[in-house]
Amino acid sequence: MAILSPYLTFKAKKFNLYKITITIILCTVFYLVGFYKDSRGTISINATSSSSSTAFRCASTNHSTTTLDFAARHFAQDPKPPVAREHHFPPCEPKFSEYTPCEDVERSVRFDRNRLIYRERHCPESHEILKCRVPPPYGYKVPFSWPESRGLAWYANVPHKDLTVEKKNQNWVRVEGERLRFPGGGTMFPRGADAYIDAIGKLIDLKDGSIRTAVDTGCGVSCKLGSLPSLKEYSNSVICTERHPCVSVQFALERGVPALIGIIASIRLPYPSRSFDMAHCSRCLVPWGKYDGQYLIEIDRILRPGGYWILSGPPINWETHWKGWNRTREHLRAEQSQIEGVAKSLCWRKLVQRNDIAIWQKPTNHVHCKVNRKVFKRPLFCKSQNPDMAWYTKMETCLTPLPEVAGIRDIAGGQLAKWPERLNAIPPRISSGSLEGLTANSFVENSELWKKRVAYYKKIDYQLAKTGRYRNLLDMNAHLGGFAAALVDDPVWVMNVVPVQAKMNTLGVIFQRGLIGTYQNWCEAMSTYPRTYDFIHADSLFSLYENRCGVEDILLEMDRILRPEGSVIIRDDVDILLNVKAIMDAMQWDGRITDHESGPHEREKILFATKMYWTAPRPDQD
């Protein structure tokens, strides 16, 4: 028997494998070709019946053609394409042209008249909020530019002739055709406000830079401290406050002077402790009567260490004026004695009283004051409340303690630099480390950042770069006041708002820089009249209030307090700005979204917008 070699055995096996593979491929091809031929058929479509009849060639001729019905058995309407929500904000009735929602006179009568509580903030309930645009009065004109506006206003903008009649003998304001002229007179300074300020300047130094921020409580039409040529360098750092209803705040704002509606009653003024270098009061104690002590306790809270309180009007110099004031000598003598006693109990030192002016000074620290509590049993030092909390915060009948000091000559809370160095010096609230996360370096970086941003703004908004075009400015989320600081060389003033919802309370820093501001919850209306501001700035505001209140409510409030042809700049995430702009378009605003100053790759964008000019219809028209 022949024996095959291993090589031949392997070759034979390999040949058989090739044959098997070729056979499988051929069978597969023939099978597919046959299947294709046998399964081809013709499909005829009857356009009128929406059904399909298919005849297969392989089917027996003895069988009828099978009809297949592919029509749908369930019908549903196609979904509507998404449509953006339509916004509609009609004008309010003309009677609302001076509407201040949280100081509405009709609502205020529901509240307690004791201690003037009814004149505090009382905002409307959600179902009472107007969803319309507050109209400017018929004939409204863009206000005069600063500094001309200091002495002139359009009568149509603040049509209150009754006040000009009531105050005719005081030389406050008079009507001259279409204009209102403000000569600068007043109840306690018949020789004019300039002479009044000069008289104060002879008693304390108003020009060495140590006095920068001031509050004028019960300021009246003239707003003595904020609108005078002799103090024009301070005209953007004085807040005039007046109770409502009183058009003096409206007059002050129309003239380009910082002002807010406010009154010391049962809650604190919306400022942190140690805010002001000086507080002024002319006839402001008249409505207080027996509550003078409470008034002075609140003034003490907001005065910085070493700050001044200036009082003119009753009862100062009562020996001369008692007949004109229609009050008895005994009553006026007792009132002044009471004021002197309260001031001493607060550890104030009376510096001087000359003619119709008296000036007290708050101590620079409380070292001696703590000792003399053995003599003055009241008021005691406060122990519970944060002295910087001042949003619907109830006043206490206690003395706000100053920060501790190492030595008797030290200034509580730290020494402030004099103006103008004060603006960019590191604020003591930061250098002391009392604000977690804020350092001297971050403060400097923030200041430089806002110089860059404001320069960019002026390239886009030529109106902002034009001297005199804007006077009254609002920063709705001011943080450290960098926006206002970058505009310090412009003839403007900025109301710096720190929202009560902000992660950090920085309003004290703003005041220490020599700037002014207030607290505010932007889910509510601001304590100011319609058409207060020429320009509004909002940095990340709508992100802050997302899911807190409606975007449209904030924008309607912005529309209320912005003057016709006024402008806004809003910085925020691009998605938020797109929603904001959609609402603006329904409010007769003209706006456009631009890239961030660092370039188009930033999600944060900038919205520039202008409120169009419109007014209420002529009164004799329907």
Side-chain angles (χ1 to χ4, degrees), residues 100-103 119-123 213-217 237-244 249 253 258-276 279 298-304 382 385-396 400 427 429 434-435 438 472-484 493-529 532-533 536-545 548-549 553-554 557-558 560-561:
T100 53
C102 296
E103 287 82 15
R119 286 185 173 175
E120 292 180 331
R121 280 177 61 89
H122 300 291
C123 297
T213 58
V215 59
D216 195 349
T217 58
S237 60
V238 179
I239 300 179
C240 296
T241 62
E242 182 61 90
R243 63 188 184 274
H244 185 82
V249 169
L253 292 166
L260 287 170
I261 298 170
I263 186 172
I264 302 175
S266 69
I267 60 175
R268 291 174 171 177
L269 291 174
Y271 316 118
S273 64
R274 299 177 281 132
S275 293
F276 296 98
E298 177 62 1
I299 293 297
D300 179 83
R301 184 186 70 85
I302 63 176
L303 269 182
R304 68 160 170 82
C382 302
Q385 290 198 97
N386 179 344
D388 292 337
M389 287 181 60
W391 187 251
Y392 295 115
T393 305
K394 289 292 183 182
M395 285 196 298
E396 296 179 301
T400 300
R429 286 180 183 253
S434 61
L435 293 173
L438 279 180
N472 303 0
L473 278 65
L474 171 68
D475 192 353
M476 298 177 73
N477 190 15
H479 190 43
L480 300 178
F483 172 76
W493 62 268
V494 181
M495 185 62 73
N496 295 280
V497 171
V498 172
V500 295
Q501 292 86 358
K503 294 180 180 178
M504 188 180 301
N505 183 356
T506 54
L507 190 54
V509 169
I510 289 170
F511 276 100
Q512 288 189 334
R513 299 187 72 176
L515 305 171
I516 57 173
T518 185
Y519 295 117
Q520 176 65 35
N521 177 358
W522 287 115
C523 291
E524 300 176 1
M526 193 177 188
S527 290
T528 192
Y529 280 90
T532 289
Y533 296 103
I536 297 177
H537 179 254
D539 175 24
S540 304
L541 180 80
F542 291 94
S543 292
L544 177 63
Y545 280 89
R548 297 181 190 269
C549 52
D553 293 326
I554 297 176
E557 176 61 5
M558 292 171 68
R560 185 184 74 88
I561 62 179

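The shown structure was predicted, so the numbers you read here are calculated from the model rather than taken from an experiment.
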Is it the case that more than 12 heavy atoms not belonging to Met504 sit under 6.0 Å from its CE atom?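 Yes, because the 6.0 Å sphere around CE of Met504 holds more than 12 heavy atoms from other groups.
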In the structure I gave you, are the side-chain heavy atoms of [X] and [Y] within less than 4.5 Å of one another anywhere?
{"X": "Met395", "Y": "Ile264", "answer": "yes"}
{"X": "Leu515", "Y": "Val494", "answer": "no"}
{"X": "Trp522", "Y": "Leu541", "answer": "yes"}
{"X": "Thr213", "Y": "Ser275", "answer": "no"}
{"X": "Glu103", "Y": "Arg121", "answer": "yes"}
{"X": "Asp388", "Y": "Leu507", "answer": "no"}
{"X": "Leu480", "Y": "Leu438", "answer": "yes"}
{"X": "Met526", "Y": "Leu474", "answer": "yes"}

If the condition is side chain to side chain contact (heavy atoms under 4.5 Å, CB included), which residues does [X] pass it with, not counting sequence neighbours?
{"X": "Ala525", "value": "Pro101, Cys102, Glu557, Arg560"}
{"X": "Pro387", "value": "Ser273, Thr400"}
{"X": "Ile267", "value": "Glu120, Tyr392, Lys394"}

Using the test side chain to side chain donor-acceptor pair (under 3.5 Å), find all partners of [X] that sit at least two apart in sequence or belong to another chain.
{"X": "Asn496", "result": "none"}
{"X": "Asn477", "result": "none"}
{"X": "Thr518", "result": "none"}
{"X": "Ser543", "result": "Asp572"}

Shortest non-hydrogen contact between [X] and [Y], atoms and distance:
{"X": "Tyr545", "Y": "Ile554", "answer": "CB-CD1, 3.8 Å"}
{"X": "Arg548", "Y": "Gln501", "answer": "NH1-CG, 3.5 Å"}
{"X": "Ala259", "Y": "Trp493", "answer": "N-CH2, 4.4 Å"}
{"X": "Ala279", "Y": "Leu303", "answer": "N-CD2, 3.8 Å"}
{"X": "Gln512", "Y": "Pro427", "answer": "OE1-CB, 3.5 Å"}
{"X": "Thr532", "Y": "Asn472", "answer": "O-ND2, 3.0 Å"}

Determine, stepwise, if the pair Leu473 / His537 fulfils side chain to side chain contact (heavy atoms under 4.5 Å, CB included). CA-CA 8 Å; Leu473 278 65; His537 179 254; over 6 Å; no
Run the salt bridge (charged side-chain N to carboxylate O under 4.0 Å, His left out) test against Glu396 and tell me which residues pass, sequence neighbours left out. none
Under the rule for salt bridge (charged side-chain N to carboxylate O under 4.0 Å, His left out), what residues qualify as partners of Arg301, not counting sequence neighbours? Glu298
Atom pair [atom1] ([X]) and [atom2] ([Y]), whose distance is rounded to the nearest 0.5 Å:
{"X": "Ser527", "Y": "Gln520", "atom1": "OG", "atom2": "CD", "value": "6.5 Å"}
{"X": "Ile302", "Y": "Arg268", "atom1": "CD1", "atom2": "CZ", "value": "11.0 Å"}
{"X": "Gln385", "Y": "Thr393", "atom1": "CD", "atom2": "OG1", "value": "6.0 Å"}
{"X": "Ile561", "Y": "Thr100", "atom1": "CD1", "atom2": "OG1", "value": "12.5 Å"}
{"X": "Ile239", "Y": "Leu269", "atom1": "CD1", "atom2": "CG", "value": "9.5 Å"}
{"X": "Leu435", "Y": "Asn505", "atom1": "CG", "atom2": "CG", "value": "7.5 Å"}

Residues which pass ring-ring contact (aromatic ring centres under 6.0 Å, His included) with Phe276, listed by chain and number, not counting sequence neighbours: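 Residues passing ring-ring contact (aromatic ring centres under 6.0 Å, His included) with Phe276: Tyr271, Phe511.
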